[in-house]
Each structure stands twice: as structure tokens, then as C-alpha cells.
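Whatever order the structure lists them in is the order used to number ligands and atoms, beginning at 1.
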Amino acid sequence: MATPATMRITFCCSNTKPEPWLAGLQAALPQADIRLWQPGAPAADFGVVWAPPQQFFDEQTRLKGIFNIGAGVDALLTLRLPPNAVVVRLDDAGMAVQMAEYVCQAVIRHFRELDACALDMRAGQWTFRTPRQRADFPVGVMGLGVLGARVAQALSHFEFPVLGWSRTAKNHPGITCFHGPGQLTDFLRQSRVLVNLLPLTPDTVNILNRDNLSKLHSGGYVINVARGAHLVEADLLALIDSGRLSGATLDVFRTEPLPPDHPFWQHPGITLTPHTSARTLRADSIAQIAAKIMALQRGDSIAGVVDAARGY
Ligand code: NDP
Ligand code: OXD
């Protein structure tokens, strides 16, 4: 009887220390041959990747599955991929709760004027501000997927009016749901704080532009935690500087790291973080990827498979 061939897994993740990933994957899949990819490496069955070079896919033409160690696959889908490989994104894997805590803190910090309060205290001033009405701060969440739905739910627990916008129709208790391009204007007009959790696709690039952002309530606030290329940066700056919008919290940028001379660095109305709102958690991600590789080997279906034509 023929011995079943050993499953080969190749790991090719930029800006990622490989050793703990290789050790974790090996512990989770002891029967597999798991190696760091090198040019000329033997053909593998599965790839675990983040921002691999095109050469990786040009050589690894027999991959059955490509596991992206992030939720967003926009960069991956710009590469020529092996035609028969399924592309799998991280499906929460500990990111949803991080995104919920990040967005809730940004909304609450804005709503409660905590930055102004901290500045007053720094200046030795014990001052109170008139409490604002939660009902005056409807929060619109663009994207009601794995992360957006969790964020919308978390915001509703703080009793903000929450609206959501997705590609297909949704029904989430407590969230006013909109969908499709035909309902985008209504969604924006009813939002004061706008949270972006869309994937970056040809349909969503530059969606945070002057025209759309001008539909928010006067004094609107923008929280971009998805991708930098969703936002037309000059439009945001102009709208804040004119007073039409009150500010923004930005975690992602068109160029990362943010260039040293970028106007965002010193802008008093903009709070910045370095693409850190929801980090990939190694142990959770390895457990999810290993379970999915075993499911695929058994011929079972898995969640988180990317539809390349849709772009996410
Ligand atoms: P999902 O694929 O689970 O959800 C995407 C959501 O966007 C879905 O609700 C989808 O609609 C909606 N959508 C897609 N295209 C459109 C469109 N054209 N118009 C309206 N709605 C649209 O993704 P995740 O929630 O897991 O992640 C979202 C993004 O967050 C990632 O793609 C990534 O870019 C970003 N991200 C950022 C991180 C950070 O640290 N800053 C960390 C992790 C992710 P439908 O439900 O109808 O399909
Ligand atoms: C992701 C990210 O897509 O970290 O997971 O941005």
C-alpha cells in the first residue's frame, strides 16, 4: 500500500519573525513538513503568507490553499496567484474584539471630549463641559462583516444610535441597516461619526472622498481603520480645516509608515495610530489556519474563503 505523501506547508510572510510561527504551525500539524520559503524551494500544498513577492507564487504553482495572516487581502489579490488555490483570510482570530475596543474608545473619546478635557487638566484648569446627547451622535459603520458587525454591536451597547452599510442586505438587531450604492447617501446623511471597516476593492477605493464625507452631519467625525486608500487624504484635510468636519482618528494610511513630512502628523484635529487597531494574534491565527488546513484535507468546506472576483 502506498504511504500517503507528507503534506508540505511553506511560510512566506514579510515583516514577520518566522521562527515562532513555524514552531507553532509544526506543533499544531505535527505530521506536516513546514518550512520557511526560499527561492527554489520544493512545491508545497499550502502557503501561509503576508505580502509575499510575486516570485513566491510564480514558483509555488501547486498550492491548493493560500492562508493570508490578515483579514484584508487587497495586496494579495494584486499578485498573479495559482489558478486552483483557494485564498483564505483570517476570520476574526481575535481581531474583532480588538477592533471593537479601538473603535469604541475613539468614538467615546470624541463624544466625551476627552482630549480637550486632558488639555485643560494639563493647563491646570478644572473645567466642566456640558454633557452631549448620545442621540445627537449616530455612528455609521461602513462594512458589516466579521469586524464591522462586532464593532456595530459593541457601539450599540454604549447606547449610541448605530447604522450600518454593507453590499448585501443585513438584519442586525439594534442596528439600522442600509445596503448597496443606492442607500449610501441615506446612510451617510443620517450619520455623524463614520467608521470605515470596508475591504479595499475597486468599488471602495477612495470612498471616503469630499462628496461622501460632506453628506455626514455638520461637525462629523471620521474613523478609518480599514485601508489608507479608502480615504482621499486632501479631501479630509480640507473638510476639517474648513470646519465642515470636526476631526478624525486614523489607523491606516495610503503610505505606511506615514511619511515624516505628512500634514497628518501635526494636525490638532487628527489622532493617529500606526496600523495597530486589530493586530494579528499568532496563537489564535495558527489554531485557525491549522484547523482549516485539516478541514480542507478531509474535503470539508471552510469559512473565510475569498471571492477574488468580488475582491474580498
Ligand atoms: P469582511 O469581508 O468580513 O466584511 C466586509 C464587509 O464590507 C461586508 O459586510 C461587505 O458586505 C462589505 N462590503 C464589501 N464591499 C462593499 C461595497 N462595495 N459596498 C458596501 N459594502 C461592502 O471583512 P472584515 O470585517 O474581516 O475586515 C474588513 C477590513 O478591515 C479588511 O478588509 C481590512 O482591510 C481591514 N482590517 C484592518 C485592520 C487594522 O489593523 N487596521 C485589521 C484587520 C482588518 P457583505 O456583507 O454584503 O458582503
Ligand atoms: C489585516 C490588517 O488586514 O492587519 O488583518 O490590516
Side-chain angles (χ1 to χ4, degrees), residues 13-16 48-51 67-78 87-103 105-106 140-154 163-172 175 177-188 191 194-208 212 222-231 248-254 256-258 271-282 284-285 288-289 303-312:
C13 296
S14 312
N15 303 321
T16 307
V48 176
V49 305
W50 183 254
F67 287 84
N68 187 56
I69 64 163
V73 289
D74 43 291
L76 189 60
L77 294 185
T78 63
V87 177
V88 187
R89 39 59 66 85
L90 283 183
D91 188 0
D92 185 349
M95 284 193 280
V97 67
Q98 296 178 70
M99 201 52 102
E101 71 196 1
Y102 180 98
V103 172
Q105 71 77 33
V141 180
M142 303 179 93
L144 288 175
V146 174
L147 303 182
R150 179 67 173 266
V151 164
Q153 181 195 47
L163 306 89
W165 182 68
S166 50
R167 195 176 53 81
T168 57
K170 299 271 180 272
N171 184 6
H172 292 287
I175 316 294
C177 294
F178 298 78
H179 68 277
Q183 294 185 1
L184 177 59
T185 294
D186 281 349
F187 161 80
L188 292 169
S191 301
L194 186 66
V195 178
N196 177 34
L197 269 164
L198 292 168
L200 183 65
T201 70
D203 289 335
T204 66
V205 66
N206 295 330
I207 195 164
L208 303 179
N212 283 332
V222 176
I223 299 171
N224 188 19
V225 280
R227 285 292 182 264
H230 284 125
L231 175 67
T249 291
L250 305 176
D251 183 53
V252 288
F253 306 92
R254 292 190 97 93
E256 296 181 2
L258 192 62
T271 299
L272 307 175
T273 51
H275 198 142
T276 200
S277 50
R279 303 293 298 276
T280 293
L281 301 180
R282 191 170 55 234
D284 300 52
S285 305
Q288 184 173 104
I289 291 168
V305 173
V306 170
D307 177 342
R310 209 176 55 165
Y312 68 101

Roughly how far, to the nearest 0.5 Å, is CD1 of I289 from CZ of R282? 12.0 Å
Find all protein N or O atoms under 3.5 angstrom from an N or O atom of ligand 2 and list the pairs with distances, or write 'none'.
from: ligand 2; atom 1: 3 (O); to: A71; atom 2: N; distance (Å): 3.3
from: ligand 2; atom 1: 3 (O); to: G72; atom 2: N; distance (Å): 2.8
from: ligand 2; atom 1: 3 (O); to: R227; atom 2: NH2; distance (Å): 2.8
from: ligand 2; atom 1: 5 (O); to: A71; atom 2: N; distance (Å): 2.7
from: ligand 2; atom 1: 6 (O); to: R227; atom 2: NH1; distance (Å): 2.8
from: ligand 2; atom 1: 6 (O); to: R227; atom 2: NH2; distance (Å): 3.4
from: ligand 2; atom 1: 6 (O); to: H275; atom 2: NE2; distance (Å): 2.6

Has the side chain of N196 got a donor or acceptor atom that lies under 3.5 Å from a matching backbone atom of A226? no
Please give me the minimum heavy-atom distance between G72 and R227, naming the atom from each residue. CA-NH2, 3.5 Å
Mark yes or no for whether N68, through its side chain, and V88, through its backbone, hold a donor-acceptor pair below 3.5 Å. no
Within a reach of under 6.0 Å around CZ of R254, are more than 12 heavy atoms found that belong to other residues, nucleotides or ligands? yes
Taking side chain as C-beta onward, heavy atoms only, is V252 less than 4.5 Å from V225? no
Counting distance only, does the side-chain N/O of W165 pair as donor-acceptor with the main-chain N or O of C177 below 3.5 Å? no
Under a 4.0 Å heavy-atom cut-off, what residues line ligand 1? A71, G72, R89, M95, M99, G143, L144, G145, V146, L147, G148, W165, S166, R167, T168, K170, L197, L198, P199, D203, T204, V225, A226, R227, D251, V252, H275, S277, A278, Y312
Pair T204, Y312 - check side chain to side chain donor-acceptor pair (under 3.5 Å), show working. CA-CA 11 Å; T204 66; Y312 68 101; over 6 Å; no
Hey, is the main chain of L76 close enough, under 3.5 Å, to the side chain of T78 for a donor-acceptor pair? no
